[in-house]
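As structure tokens, the structure follows; a few thoughts come after it.
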Amino acid sequence: MIAQARITSDTTATVHLADETVEVTGADLPEIRNRVKQVFITTARTGEKAVDVVIVEPDVRHHLRVEPTGRIAGRAADDQPLYGPPIDSPLIAPPVVEEELPTDDTVDLSSIDPAMLTTVGAKPAPVPSSDTASSPVAGEHAAIGADETGELPAVRSRARRRRAAAMPAAEGQSSSTDSAPSPHSATSAASASSATSATSPSSAGHSHSAASSSSPSPAPSAASAESALSASSAPAAPSDPSDSSASSNSSVPGTPVPSPVPAATGPIPSPASKRPLPGRTAPEAESRPTLQDLQSSTSKPEKIKATRGIPGFITRVTGGAISPRPGTAERRDTERLERVRQPLDGPRNIAVVNLKGGAHKTTASLMIAASLGVTRGGNVLAWDNNETRGTLGWRGIPTDHHRTAVDLLQDIEKLRAPDASNADLDPYVRPQGEMRFDILASDEDPGSAASIDGEAFADLNDALSRFYRIKVIDTGNNVRASNWLAAVRNADQLVIVSTVREDTFNAAAWMIDELRATGLAEQVDHAVTILSHSSKGKVDPTLRDRLLAHFGAHTRAVAEVPYEQQFVDGSHLDWTRVSPKTKEAWLDATALIIDGL
């Protein structure tokens with residue numbers, strides 16, 4: 001069985017495990033995703049074994065394996081049964097239930113002394129401001145349409161605070177001032193202050209003593225709050241503005257006790273003449289369904305039809321009348337494409353690093369950019385951030401111009417202009433045809449003394465982020481160069497590339513130690529390692545296991561890519577000549593990279 005997390009909205013998710021179901025809430029979608037992953041990591045650590053999981057979102061499904069170490073890696077989709085509902089079930093957020101409060105029509109009046117119904121209410125003791133938001137307010141109706149199940153504590157507490165803040169100012173506060181209420185408003189004032197006047201004389205005296213004391217009053221208990229709420233619904237007869245309650249002062253020594261005020265004449269108001277309810281406040285977003293909820297509950301999940309093999313042939317021959325489910329391989333490819341194409345919140349940087357020349361950094365930068373361009377579309381840039389001269393420009397499709405990052409830096413103000421557009425970049429970047437990405441080359445003039453430093457990198461990065469969603473940054477070999485450090489610090493995803501050779505993976509391992517020692521451990525923990533096979537021969541299985549264990553302990557995921565003959569001669573990348581096996585392996589690696597963005 002596979003554990004399942006269903007992200008039902010930007011602030012809620014449900015995690016289905018073997019022994020329990022966990023409701024997750026958060027402030028936004030990234031926080032929800034992080035908390036879901038923490039639930040799976042905790043489960044794996046508790047069980048001391050890897051857990052296969054699937055995370056279901058409205059537009060994408062993530063098939064992952066969570067290790068007890070906290071490492072999360074992608075895995076192929078399969079047909080194992082899931083805990084929880086079927087994977088194609090609509091994603092419907094649990095209803096948010098607010099705490100129901102008694103209203104004027106439902107409050108229990110049996111505990112109120114009938115004599116108090118004809119007695120003028122005294123001015124209430126001042127209510128501490130710290131209790132105003134949390135004390136129940138009489139007359140407020142519960143949320144319309146709220147259910148009795150599925151309430152999330154975090155959401156409920158926020159709703160209570162907003163509800164209390166949205167209520168009109170309590171009449172009890174205004175009645176505690178020196179101004180006397182008018183006869184017209186006496187009924188409302190008495191109703192609002194009934195938390196004092198409707199109690200027994202002894203309790204009223206206690207309230208007065210607490211209010212006059214210099215020490216702060218403790219928060220009211222649940223019983224007193226319930227009593228105050230019940231008493232607030234009892235209507236009182238109007239009184240003379242100068243009158244006050246005798247009971248409020250009867251227990252204070254040395255205080256003159258005024259003569260009892262006679263009850264007002266006239267009939268007791270009928271239930272129909274109760275005080276008016278407070279004005280209706282704006283509806284709360286959490287208590288009402290959204291457009292997304294409506295669409296999720298009414299739309300039927302689109303059935304995925306096979307397009308390959310015999311199932312695909314049946315689909316085409318019958319015109320879709322008979323549409324078998326895709327096979328395992330096709331479902332895996334579809335899920336991988338969905339991961340690569342998942343939307344991003346803003347421009348992202350991918351920095352490809354290794355301190356050894358010949359470690360396939362440039363090849364990796366080209367293949368990652370090409371995989372993104374082919375599957376996601378344009379707005380992808382491969383940027384050679386070598387401080388002097390790199391080879392990325394040579395490995396791409398040639399263009400009519402030879403301008404580089406140095407030329408773009410000199411004309412950077414053009415890109416900073418408010419009316420700048422992608423067309424202003426054409427004289428500086430090199431389009432890569434059907435691969436649908438651009439290359440920004442480093443300086444290629446052998447006689448040039450120009451170089452790119454950390455400040456120049458920052459200027460270029462800010463300008464290019466206006467026009468490219470994803471920048472794949474090829475780096476140099478100097479870990480202490482300011483532009484190298486700037487690229488690593490500004491990377492949303494670090495990609496550590498190494499061949500399966502002693503010299504290159506030792507350089508990568510030393511670089512990891514250096515990054516951790518210089519305060520960049522978080523970048524390493526979040527990184528993806530790509531092991532590139534540089535020869536046709538069979539890899540030593542012992543060496544391969546060593547590398548997988550070492551880099552797997554340091555980075556978030558490890559991917560392997562096969563040997564490719566086209567990369568040996570160092571000529572420009574020709575996508576049509578790349579073998580399908582190599583394309584598939586680089587697409588797997590790219591999906592892992594996008595998972596981290």
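We use all heavy atoms of the structure for the numbers below, so side chains are in, but hydrogens, waters and symmetry mates are not.
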**Asked** side-chain contact (heavy atoms from CB on, under 4.5 Å) between Q342 and E57: does it pass, once the steps are laid out?
**Response** CA-CA 11 Å; Q342 59 185 301; E57 299 190 38; 5.8 Å; no
**Asked** Is there a side-chain contact (heavy atoms from CB on, under 4.5 Å) between L409 and L460 once you walk through the steps?
**Response** CA-CA 7 Å; L409 185 63; L460 289 170; 4.0 Å; yes
**Request:** Any chance you could lay out the salt bridge (Lys or Arg N to Asp or Glu O under 4.0 Å) test for D459 and R416, step after step, and finish with the verdict?
**Result:** CA-CA 10 Å; D459 291 340; R416 290 173 173 168; 3.2 Å; yes
**Request:** Might you work through the side chain to side chain donor-acceptor pair (under 3.5 Å) test for R556 and Q493, ending with a clear yes or no?
**Result:** CA-CA 10 Å; R556 175 172 59 87; Q493 177 65 71; 2.8 Å; yes
**Request:** Starting from the C-alpha separation in whole Å, work towards a yes-or-no answer on salt bridge (Lys or Arg N to Asp or Glu O under 4.0 Å) for R332 and E335.
**Result:** CA-CA 5 Å; R332 181 179 65 249; E335 184 268 341; over 6 Å; no
**Message:** Test side-chain contact (heavy atoms from CB on, under 4.5 Å) on S371 and I368; report intermediate values, then the result.
**Reply:** CA-CA 5 Å; S371 299; I368 293 170; 5.8 Å; no
**Prompt:** Are I594 and R339 close enough, and set up right, to give a side-chain contact (heavy atoms from CB on, under 4.5 Å), and what steps lead you there?
**Reply:** CA-CA 7 Å; I594 295 296; R339 288 166 60 200; 5.9 Å; no
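One finds no salt bridge joining K581 and E584 here, because no Lys/Arg side-chain nitrogen approaches an Asp/Glu carboxylate oxygen to under 4.0 Å.
A distance of 4.5 Å separates CG in D588 from CZ in R336, rounded to the nearest 0.5 Å. Annotation: the span from K471 atom NZ to N379 atom CG amounts to 11.0 Å, rounded to 0.5 Å. Annotation: the span from F437 atom CZ to Q432 atom CD amounts to 4.5 Å, rounded to 0.5 Å. The line from CD1 of I439 to CD1 of I397 is 8.0 Å long, rounded to the nearest 0.5 Å. Rounded to the nearest 0.5 angstrom, D474 CG and L440 CG are separated by 11.5 Å. For the atom pair NE2 (H360) and CZ (F567), the distance works out to 9.0 Å, reported to the nearest 0.5 Å.
Judged by distance alone, with hydrogens and angles left aside, the side-chain atoms of T518 form a donor-acceptor pair with the main-chain N or O of L515 at under 3.5 Å. A donor-acceptor contact shorter than 3.5 Å is absent between the side chain of D438 and the backbone of V429. Looking at Q4, its side chain does come within 3.5 Å of a backbone N or O of Y83 through a donor-acceptor pair. T475 places a side-chain N or O within donor-acceptor distance of the main-chain N or O of V352, the cut-off being under 3.5 Å. With S442 contributing its side chain and G390 its backbone, the two residues share a donor-acceptor pair below 3.5 Å. Q523 places a side-chain N or O within donor-acceptor distance of the main-chain N or O of V488, the cut-off being under 3.5 Å. No donor-acceptor distance shorter than 3.5 angstrom exists from the side chain of R61 to the backbone of E338, with no hydrogens or angles considered. Checking side-chain atoms of D492 against main-chain N and O of N349 turns up a donor-acceptor pair under 3.5 Å. A donor-acceptor pair is defined here as one N or O able to donate and one able to accept, closer than 3.5 Å; such a pair exists between the side chain of K361 and the backbone of K356. When atom types are taken as modelled, the side chain of N483 and the backbone of N385 share a donor-acceptor pair closer than 3.5 angstrom.
Under the salt bridge (charged side-chain N to carboxylate O under 4.0 Å, His left out) criterion, E522 pairs with no residue at all, not counting sequence neighbours. In this structure, the side chain to side chain donor-acceptor pair (under 3.5 Å) partners of R544, at least two apart in sequence or on a different chain, are E560. For A359, the side chain to side chain contact (heavy atoms under 4.5 Å, CB included) partners two or more places apart in sequence, or in a different chain, are N354, T504. Taking the ring pair (Phe, Tyr, Trp, His ring centres under 6.0 Å) definition, one finds that H63 meets it with nothing, sequence neighbours left out. For R516, the side chain to side chain contact (heavy atoms under 4.5 Å, CB included) test picks out I512, A521, V524, D525, H554, with sequence neighbours left out. Taking the side chain to side chain donor-acceptor pair (under 3.5 Å) definition, one finds that H16 meets it with nothing, sequence neighbours left out. Scored by the side chain to side chain contact (heavy atoms under 4.5 Å, CB included) test, T375 finds L337, V340, R341, L587 as partners (sequence neighbours excluded). For R331, the side chain to side chain donor-acceptor pair (under 3.5 Å) partners are D79, not counting sequence neighbours. With sequence neighbours excluded, the residues forming a salt bridge (charged side-chain N to carboxylate O under 4.0 Å, His left out) with R430 are E444, listed by chain and number. Residues forming a side chain to side chain donor-acceptor pair (under 3.5 Å) with Q566 (at least two apart in sequence, or on another chain): none.
Annotation: side chain of V53 is not in contact with side chain of T43 (no heavy-atom distance under 4.5 Å). Side-chain contact between K414 and L408 is absent, with no heavy-atom pair separated by less than 4.5 Å. For the pair D345 and L29, the minimum side-chain heavy-atom distance is 4.5 Å or more. Between I452 and V406 there is a side-chain heavy-atom pair separated by less than 4.5 Å. Put simply, the side chain of I593 does not reach to within 4.5 Å of the side chain of L372, judged on heavy atoms. The shortest distance between side-chain heavy atoms of I2 and D78 falls below 4.5 Å.
Environment of CD in E31: crowded, with over 12 heavy atoms of neighbouring residues, nucleotides or ligands closer than 6.0 Å. The number of heavy-atom neighbours closer than 6.0 Å to CZ of R469, taken from other residues, nucleotides and ligands shown, is 12 or below. The local environment of CZ in R501 is sparse, with at most 12 non-hydrogen atoms from other residues, nucleotides or ligands closer than 6.0 Å.
Side-chain polar atoms of E564 and S579 form a donor-acceptor pair below 3.5 angstrom.
For residues 377-408, the ring-ring contact (aromatic ring centres under 6.0 Å, His included) pairs, not counting sequence neighbours, are W383-F457. A ring-ring contact (aromatic ring centres under 6.0 Å, His included) check over residues 466-511, counting only residues at least two apart or in different chains, returns nothing.
For the pair A13 and I32, the tightest heavy-atom approach, listed with the atom from each and the gap, is CB-CG2, 3.8 Å. Across Q80 and D52, no two heavy atoms sit closer than the pair NE2-OD2, 3.9 Å. Contact between S482 and G454 at its shortest, heavy atoms only, is OG-N, 2.8 Å. Taking each heavy atom of E434 and W575 in turn, the nearest pair found is OE2-CB, 4.1 Å. Residues R6 and P85 come closest through the heavy atom pair CD-CG, 3.5 Å. Heavy atoms only, all atoms of each residue included: F40 and A3 are closest at CE2-CB, 3.7 Å.
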